[in-house]
Amino acid sequence: MDNFDTPGRPSRDAALLPDTGEPGFGVYVHWPFCAAKCPYCDFNSHVRHQPVDQERFASAFLKEMAAVRALSGPKTVTSIFLGGGTPSLMKPETVSAILDGIARHWHVPAGIEITMEANPSSVEAERFRGYRAAGVNRVSLGVQALDDRDLKFLGRLHDVADALKAIRLARDIFPRMSFDLIYARPDQTVEQWERELKQAISYAVDHLSLYQLTIEEGTPFYGLHKAGKLIVPDGEQSAVLYEATQEITAREGMPAYEVSNHARPGAESRHNLTYWRYGDYAGIGPGAHGRLTRGPEKIATATERKPESWLDMVERDGHGILDEERLGYEEQSDELLLMGLRLREGVDLARWQQLSGRDLDPKREEFLLEHKFIERIGNSRLRCTPSGMLILDSVVADLAC
């Protein structure tokens, strides 16, 4: 029997289960709506000027869960993540219905991590308490900057005062919290970033996601950058900012456990570890992706991205899945390498060898070892060094050949 106070509502007071080091099974639910579209964002997020029919969407989420449950088979959930978009635009009742549905379709023990993304501009204490009552025990805030000028540049609807209010509320209401910052912003110096990062760490968070500003095709920033109207730090300056990030967070007790993610020991994101350890996860909602193991294959699922089209598909067909790609062992081994080398703990070599059916190319491995881009952890694991993390894509490409 599932350990719930009431159906669909994990015990609020249950201690977080320890990280076993196993990949686990996560459930990701995508809420695709935002109050505004940020100019750097290429996520599947949409602005609607009329109220969203949350009851109708919640019902569709539950229908799609049933279809995904048929693909996954019985599973014990190790984490749930409500992402977006802006999930904090959902009513607490919608969140409760979603968590209730997950509990009906899979086994959900007490004490698993249940994360919700939130934007400071949509944060209210009453809503936060409603999410907590529904079972959410971790919040991830999209702060992005602690500078009002840069928040405006990034198209955010909140200012620093809003961000600090949201951080205080989250810290008071949820057992665990994280927030995101974007660095390598135009004209940002190392000294400015160091001050901002130390300020962020001082707010007693246990997890930070620190991303370099990237210019993604199809975004407003892409057009400005191509026209020469938006200048971002070059590769050398970005590397200096990255190295400063690693040094400061390590010194302050929040070392990187993944390329862009930092945590105090034990506060690593369990859900994201499932991705990086190449575990299975169910993807529910518009534009959601999943990985589900069935025998020797992994099924890569992808749903319709446009919210209204997804909704029509689910109501008609029971799901919005557009693609079910069968991944063979070689494709799985490549994905395992791509994801696992992002982690400080590295890749389980025995698992990679079992999937790929071969050993690493000794010449390529020796070259990367000699140049200190990778290192062995005993005989069982392989990881990137800090230098290797700067050229991660190249390291992965070399080892996968």
Result block: side-chain N/O donor-acceptor pairs under 3.5 angstrom for residues 221-229, not counting sequence neighbours:
| from | atom 1 | to | atom 2 | distance (Å) |
| --- | --- | --- | --- | --- |
| H225 | ND1 | L230 | O | 2.9 |

Worksheet item: Do the side chains of F57 and L311 get nearer than 4.5 Å, heavy atoms only?
Response: yes
Practice prompt. Kindly say whether G283 contributes a backbone atom to a donor-acceptor pair with the side chain of R291 at under 3.5 angstrom?
Written response: no
Discussion item. Working to the nearest 0.5 angstrom, can you tell me the gap between E297 CD and Y329 OH?
Written reply: 9.0 Å
Worksheet, complete the sentence: In terms of heavy-atom contacts, D206 and P175 come closest through OD2-O, 4.5 Å
Discussion item. Has E243 got a side-chain atom pairing as donor or acceptor with V240's backbone, closer than 3.5 angstrom?
Written reply: no
Worksheet item: Between atom CZ of R69 and atom CD1 of I102, what is the distance when rounded to the nearest 0.5 Å?
Response: 13.5 Å
Worksheet item: Roughly how far, to the nearest 0.5 Å, is the CZ atom of R270 from the CD1 atom of I114?
Response: 12.5 Å
Worksheet item: When you measure from the side chain of E268 to the backbone N and O of Y257, does any donor-acceptor pair fall under 3.5 Å?
Response: no
Practice prompt. Could you tell me if the ring centre of W276 sits under 6.0 Å from that of Y278?
Written response: no
Item to complete: Please determine if D398 and R364 form a salt bridge, counting it only when a charged side-chain N lies under 4.0 Å from a carboxylate O.
Response: yes
Discussion item. Tell me which one of E258, E335, E345 satisfies salt bridge (Lys or Arg N to Asp or Glu O under 4.0 Å) with R277.
Written reply: E345
Practice prompt. Verify side-chain contact (heavy atoms from CB on, under 4.5 Å) between L210 and I182, making sure each step is shown before the conclusion.
Written response: CA-CA 6 Å; L210 307 172; I182 294 173; over 6 Å; no
Worksheet item: Of Y28, F81, Y281, which is the lone residue that meets ring pair (Phe, Tyr, Trp, His ring centres under 6.0 Å) with Y275?
Response: Y281
Fill in: L392 side chain near L338 side chain, heavy-atom distance below 4.5 Å
no
Worksheet item: Going through the checks in order, is the side-chain contact (heavy atoms from CB on, under 4.5 Å) test met by I299 and L327?
Response: CA-CA 6 Å; I299 301 173; L327 304 177; over 6 Å; no
Item to complete: May I ask you to decide if L89's main-chain N or O and T86's side chain share a donor-acceptor pair within less than 3.5 Å?
Response: no
Worksheet entry | Non-hydrogen atoms of L154 and P39 that approach each other most closely | O-CD, 3.2 Å
Worksheet item: Is there a side-chain contact between I377 and R383 (heavy atoms, below 4.5 Å)?
Response: yes
Worksheet item: When you measure from the side chain of D317 to the backbone N and O of H319, does any donor-acceptor pair fall under 3.5 Å?
Response: no
Discussion item. When you measure from the side chain of D150 to the backbone of F153, do you find a donor-acceptor pair of N or O atoms at a distance under 3.5 Å?
Written reply: no
Practice prompt. Decide if atom CG of D187 counts as having more than 12 heavy atoms of other residues, nucleotides or ligands within a radius under 6.0 Å.
Written response: no
Worksheet item: In terms of side-chain heavy atoms, does T94 have a donor or acceptor partner in Q54 at a distance below 3.5 Å?
Response: yes
Fill in: Pair R138, T115: side-chain N/O donor-acceptor within cut-off below 3.5 Å
yes
Worksheet entry | Parallel, tilted or perpendicular: ring planes of F61 versus W310, cut at 30 and 60 degrees | tilted
Worksheet item: Which atoms form the tightest heavy-atom contact between L349 and N379, and what is the distance?
Response: CD1-O, 4.3 Å
Item to complete: For side chain to side chain donor-acceptor pair (under 3.5 Å), just list the numbers for T245 and W193, CA-CA rounded to whole Å, side-chain angles, deciding distance to a tenth of an Å, and then say yes or no.
Response: CA-CA 8 Å; T245 302; W193 173 233; 2.8 Å; yes
Worksheet item: Are side-chain heavy atoms of N137 and I112 found at a separation under 4.5 Å?
Response: no
Item to complete: Take E331 and R326 through the side-chain contact (heavy atoms from CB on, under 4.5 Å) test and state the conclusion after the steps.
Response: CA-CA 9 Å; E331 292 163 305; R326 266 62 181 174; over 6 Å; no
Fill in: For A263 against H207, the heavy-atom pair lying closest together
CB-CD2, 3.8 Å
Worksheet entry | salt bridge (charged side-chain N to carboxylate O under 4.0 Å, His left out) between K306 and E304, worked out | CA-CA 6 Å; K306 187 176 179 183; E304 164 62 42; over 6 Å; no
Item to complete: Rounded to the nearest 0.5 Å, what's the gap from CG on D334 to CE on M339? Could you check?
Response: 13.0 Å
Discussion item. Please check this pair: side chain of T78 against backbone of F25, looking for a donor-acceptor N/O pair closer than 3.5 Å.
Written reply: yes
Worksheet item: L208 versus M254: any side-chain heavy-atom pair under 4.5 Å?
Response: yes
Practice prompt. Using a strict 4.0 Å threshold on nitrogen-to-oxygen distance, state whether K198 and E196 make a salt bridge.
Written response: no
Worksheet, complete the sentence: d(E252 CD, S202 OG) to nearest 0.5 Å is 9.0 Å
Item to complete: Evaluate whether atom CD of E330 has more than 12 neighbouring non-hydrogen atoms of other residues, nucleotides or ligands under 6.0 angstrom away.
Response: no
Worksheet item: Applying salt bridge (charged side-chain N to carboxylate O under 4.0 Å, His left out), which residue pairs with at least one partner in residues 37-63 are found, sequence neighbours left out?
Response: R48-E308, E55-K91, R56-D312, R56-E315
Practice prompt. Indicate, with yes or no, if the rings of Y242 and Y183 have centres closer together than 6.0 Å.
Written response: no
Practice prompt. Flag the pair V27 / V68 as yes when at least one side-chain heavy-atom distance between them is below 4.5 Å, and no otherwise.
Written response: no
Worksheet item: Quick check: does any side chain N or O of D323 sit under 3.5 Å from a backbone N or O of A302, one acting as donor and the other as acceptor?
Response: no
Worksheet item: Can you check whether S88 reaches Y131 side chain to side chain, under 4.5 Å on heavy atoms?
Response: yes
Item to complete: Would you check if the side chain of S209 reaches a backbone N or O of D180 as a donor-acceptor pair within less than 3.5 Å?
Response: no
Worksheet item: Does R376 come within less than 4.0 Å of E365, counting only side-chain N to carboxylate O?
Response: yes
Practice prompt. Assess whether side-chain contact (heavy atoms from CB on, under 4.5 Å) is satisfied between T301 and H289, documenting all intermediate values.
Written response: CA-CA 5 Å; T301 63; H289 291 255; 5.7 Å; no
Worksheet item: Should the heavy atoms of other residues, nucleotides or ligands under 6.0 Å from OH of Y203 be counted, would the total exceed 12?
Response: yes
Discussion item. With heavy-atom distances below 4.5 Å as the criterion, would you say the side chains of I374 and V395 are in contact?
Written reply: yes
Response to the item:
Smallest heavy-atom separation, F33 atom then P307 atom, equals CZ-CB, 3.7 Å
Worksheet item: Do S121 and H158 get their side chains close enough for a donor-acceptor pair, meaning under 3.5 Å?
Response: no
Practice prompt. Could you tell me if the ring centre of F373 sits under 6.0 Å from that of F367?
Written response: no
Discussion item. With a 4.0 Å cut-off on N to O distance, would you call D280 and K298 a salt bridge?
Written reply: yes
Item to complete: Assess the side chains of R156 and N119: does a donor N or O sit below 3.5 Å from an acceptor N or O?
Response: yes
Practice prompt. Taking all non-hydrogen atoms of both residues into account, name the closest pair between L99 and V136 and its distance.
Written response: CD1-N, 4.4 Å
Item to complete: With rounding to the nearest 0.5 Å, note down the distance linking CG in D162 to CG in D159.
Response: 4.0 Å
Worksheet item: Is there a donor-acceptor pair under 3.5 Å between the side chain of T214 and the backbone N or O of E216?
Response: no
Fill in: salt bridge (charged side-chain N to carboxylate O under 4.0 Å, His left out) between R168 and D172, worked out
CA-CA 6 Å; R168 284 192 295 270; D172 289 344; over 6 Å; no
